[in-house]
Amino acid sequence: MSTEDRPPAPRSLAEALRGRDDVSLGALLRSRPDLITPVPTDLTQLATRAGTRASVVRALERLDRFTLQTAEALAVAADPATYDELLGLVAGDDADPAVVQALPHALGVLREQALVWGGDDRLRLVRTARELLAPSPQHPSPTGLGPTVQEATAGMSPGRIQEIVTAAGLPSTHDSVSAVTSLTELFTDRGRMAALLAGAPADSLDVLERLVWGPPYGQVTADPAPRLRWLLDRGLLLPTAPGTVVLPREVALHLRRGLAHRTPEPVPPAVEAVAVHRPQVVDSTAAGQAYTALATVEELLKDWDEGGPAVLRAGGLSVRDLKRTAVALDVPEPVAAFWVELAYAAGLIAPDGEADERYAATPAYDEWLELPAAERWSRLVTAWLAATRTAGLVGGRDAKDRTLSALGAGLDRSAAPEVRHRVLALLAGLPEGAAPAAESVLARLRWERPLRGAQPGDDLRGRLAEWALSEAELLGVTGRGALSAHGRALLGAPAAPAKSPEAEPSGPGDKLPVHHRPAHVPTLSATEQAVASAAAARLLTPLLPEPLDHVLLQADLTAVAPGPLQRPLADTLGVLADVESKGGATVYRFTPGSVRRALDAGQIASDLHAFLAAHSRTPVPQPLTYLIDDVARRHGHLRVGAASAYVRCDDNAVLNEILADKRASSLGLRRLAPTVLAAQTDPAGLLEGLRAMGFAPAAESAEGDVLITRAHAHRTPPRTAPEPVPDGPPVPDDTLLAAALRAIRAGDLASTTPRKPGTAPEVNGELPRTGSAETLATMQAAVLTGEALWIGYVNAEGAASQRVIAPIRVEGGFVTAYDHTADEVRTYPLHRITGVAELADDAG
């Protein structure tokens, strides 16, 4: 392309954006969704918003390490800089091939993000980004560079500058500006600088070596040592404040051989596999853990079925209740906190809203229980992927030094879902069965987002990644540290590479190994995630054990369930026996108390015998038959009702035995009749006291019927799962993006269309102002001539805008016109038009 055919270089970021097509602008708005919240009126306002501090900080936080290093290099380069100057800063004199290859992509990202604009001959970093990244005494740059010679000598006396120029072997000049320029040219000339430093004392060079990679500042006394005096005389060190000197940027770059950073990192660290297992082993291990996860959540909810722990006044679960839950689940407290938070995130538990508020299962829990096991697992894992509540923070301290409690406030971390997806995506990039080293995953994440969530002494992103790895293992998304097939399907990720990733090219135009490029798994929409979850459930289903319809009864009054039991069998057996041990096989123990519990629930001895005979693969042991018959024979022999409370029994000797027992003294019993005793306690306390004495009383109603006692399942009112806290504005969908682009283009057309001299406001963006008579006359004339006009318009909501219209008809206080900005015919009330201006004759 000839110089005449080349489009003019943009003079501002707004002009650079104006030269983009809709695809490029759409990519910008997707990567920086805060720019269309709300939608800007035109491209000038979009450029202004893209340069605000908050928006630039957010954009910088999302850059990978090398792209950030490129931006930092531009911040210490001349403004504007050429591509060759930038390449020299990031690649150095040796021109590292990896840096040379990676720089175009990094610069392209900065351009796409509207952090850099201009052609390769005039690269400009957005001013706010330069202010944030340029080195200063208050905010040192990661480059370790100091100020330029011009900046460091800004307050220096002209005489002192001339002394430095003379000592450096340069001819004196007539003014400070030319002297500083001469000194800068010396320091940037590699040959002349090498000759100057060749005559430096060795100890002076040692001083430069200590400052060259930063920090560039040092302390000197009022009478500097000879090694320092030699450097100060020649401007190789420049004073910045009393007792403080700095190494000028140009000198440091010469000593660094042109490098802005000590270690450029154009290639991300590889995610290294520390072990490789057979995929079948990984999938079966993950499936076993998935089953354990389901059993753990069910056990938690069963424990809270009649009403769980109380809600603290400030919200959340008390430390004591968390410990009790951990003991009940037989897991450490941090793991118990994870299961509690997971059930909460999935909408299975919530506060009941009563005056004495407690946690309880929600109606959604009953619906969840009816689903097949694989679907129940996918519900849990989908909720985990999207949740911003972070169980790993439980037990820590918030900003006000208050303890963070499970189910309490302060646990949301908006970066958590993105980190979980990214960690699993990195695992998905490894061959099947490969388990990564945790430190290599953390190193990769630090490279990809060096600024994101990193606070001094608190690497939140790293901690989130560590928790994601351990939680994925607990849930059965991974097995033995490697991503399972159903875990891969949950992400919507492609099949794993069959060979080592080093052996495959990474894609068109990029010859770096696969593990050297970020593996971005696209964010799934709600519909896409539902499809992926269903696919994961289908893969998991054949790996889960089939529920059994039988147990093995043993002579020691135990029953062994060799696997998961069908729900009716498990529910009935859970009432009839106590769980003694869990694992691959669950052991239940029959006791008088457990049998009495089944009788209290309305069962009779014959029902229990029939149930055991139907579901046991072994003969029913005689001791178990005797136990059931013995408890059933004595069950209900004593009857307890409400007087305050009474005991009645047809056997007078039994009542005499109770009265004679010292353990009955606290019940306050006295005989009312030969077969009736009255008590000074309530029926529940009387039942409990008599059972503690070894009797088997039954409660009866006022009509004398035996009361059947079943566990009361306490449920909350319908509750929705907690909404994740968004990490900034959501990424716009295609519909919103298309509408925003149309609105921005339309507003820009209206604001940039040339107007006739003297008919438009001089201030850019100000609406035209004309009287109503002039507005009407101009509109009527435009109808006759067919010319387009520029108008200011205020809608019914009070929003002002500029439009370019071609009037078609003016009548009844309305103008009907073709609106060029909206590309359609519209009707406008004349009283809402603030003014009108004619367009220049050459307006397109």
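As the structure is a prediction and not an experimental result, all values here were calculated from the model. The basis for the numbers below is simple: all heavy atoms, side chains too, and nothing from hydrogens, waters or symmetry mates.
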Heavy-atom closest contact (A270 atom, S440 atom, distance): O-CB, 3.7 Å
Rounded distance [0.5 Å steps], NE2 in H261 versus CG in L68: 7.0 Å
Min side-chain heavy-atom separation R190-H254 under 4.5 Å: yes
Carboxylate-amine/guanidinium contact D42 R18, below 4.0 Å: no
Side chain to side chain contact (heavy atoms under 4.5 Å, CB included) between L29 and L741, intermediate numbers included: CA-CA 9 Å; L29 299 181; L741 286 172; 3.9 Å; yes
A71 versus L125, closest heavy-atom pair with distance: O-CD2, 3.6 Å
Which atom pairs, donor and acceptor, lie under 3.5 Å between side-chain atoms of residues 180-188 and protein residues at least two apart or in another chain?
from	atom 1	to	atom 2	distance (Å)
T181	OG1	V177	O	2.9
T184	OG1	V180	O	2.9
T188	OG1	T184	O	2.9
T188	OG1	E185	O	3.2

S31 and Q113: side chain donor to acceptor below 3.5 Å: yes
Donor-acceptor pair, side chain of R256 and main chain of A260, under 3.5 angstrom: yes
Donor-acceptor pair, side chain of T148 and main chain of E151, under 3.5 angstrom: yes
Neighbour count above 12 (heavy atom, 6.0 Å) for Q150 CD: no
Presence of salt bridge, R229 and D233, under 4.0 angstrom: yes
Under-4.0 Å salt bridge between E131 and R127: no
CG-CD distance between L430 and E272, expressed to the nearest 0.5 angstrom: 10.5 Å
For L253 against L259, the heavy-atom pair lying closest together: CD2-O, 3.5 Å
Heavy-atom donor-acceptor pair, D94 side chain to D96 backbone, under 3.5 Å: no
Side chain to side chain, P147 and V246, heavy atoms closer than 4.5 Å: yes
salt_bridge(E112, R20) N-O dist < 4.0 Å: no
Other residues, nucleotides, ligands: >12 heavy atoms within 6.0 Å of D223 CG: no
Short side-chain to backbone donor-acceptor contact, R30 and P732, under 3.5 Å: yes
Value rounded to 0.5 Å, distance of OG1 in T67 from CG in L103: 9.5 Å
Considering all heavy atoms, the nearest P224-A222 contact: CD-O, 3.4 Å
R234 side-chain N/O to W230 backbone N/O, donor-acceptor pair under 3.5 Å: yes
Pair Q162, T173: side-chain N/O donor-acceptor within cut-off below 3.5 Å: yes
Sidechain-backbone polar pair: E72 side chain, T143 backbone, donor-acceptor under 3.5 Å: no
Derivation of the side chain to side chain contact (heavy atoms under 4.5 Å, CB included) call for L208 and R227: CA-CA 10 Å; L208 295 179; R227 66 181 185 278; over 6 Å; no
Check against side chain to side chain contact (heavy atoms under 4.5 Å, CB included), L63 and L451: CA-CA 8 Å; L63 299 180; L451 295 181; over 6 Å; no
Spacing of CG belonging to D459 relative to CZ belonging to R446, to within rounding of 0.5 Å: 6.0 Å
Side-chain donor or acceptor of E15 paired with backbone N/O of R11 under 3.5 Å: yes
L25 vs L43, side chain to side chain contact (heavy atoms under 4.5 Å, CB included): CA-CA, chis, key distance, verdict: CA-CA 10 Å; L25 274 181; L43 288 170; 4.0 Å; yes
Check: P216 and L211 side chains under 4.5 Å, non-hydrogen atoms: no
Side-chain donor/acceptor of R32 to backbone N/O of A50, under 3.5 Å: yes
From R62, R65, R422, residue fulfilling side chain to side chain donor-acceptor pair (under 3.5 Å) relative to E448: R422
Donor-acceptor pair, side chain of R130 and main chain of A75, under 3.5 angstrom: yes
Residues R49 and S55: side-chain donor-acceptor under 3.5 angstrom: no
Carboxylate-amine/guanidinium proximity below 4.0 Å for E163 and R160: yes
L35 and P40, any side-chain heavy atoms less than 4.5 Å apart: no
Side-chain touch D120/L107, heavy atoms, less than 4.5 angstrom: yes
Separation of T70 OG1 from L115 CG (nearest 0.5 Å): 11.5 Å
Minimal non-hydrogen separation, A114 against L17, with atom names: CB-CD2, 4.4 Å
Flag side-chain contact, heavy atom, 4.5 Å: P239 against M156: yes
Where L238 and A152 come nearest, the two heavy atoms and their spacing: CD1-CB, 3.6 Å
Short N-O contact, E418 and R461, less than 4.0 angstrom: yes
V109 side chain near D64 side chain, heavy-atom distance below 4.5 Å: no
Side-chain donor/acceptor of T128 to backbone N/O of R53, under 3.5 Å: no
Side chain proximity check, P104 to Y83, heavy atoms < 4.5 angstrom: yes
Reported CG-to-CH2 distance for the pair L247 and W213, which is rounded to 0.5 angstrom: 11.5 Å
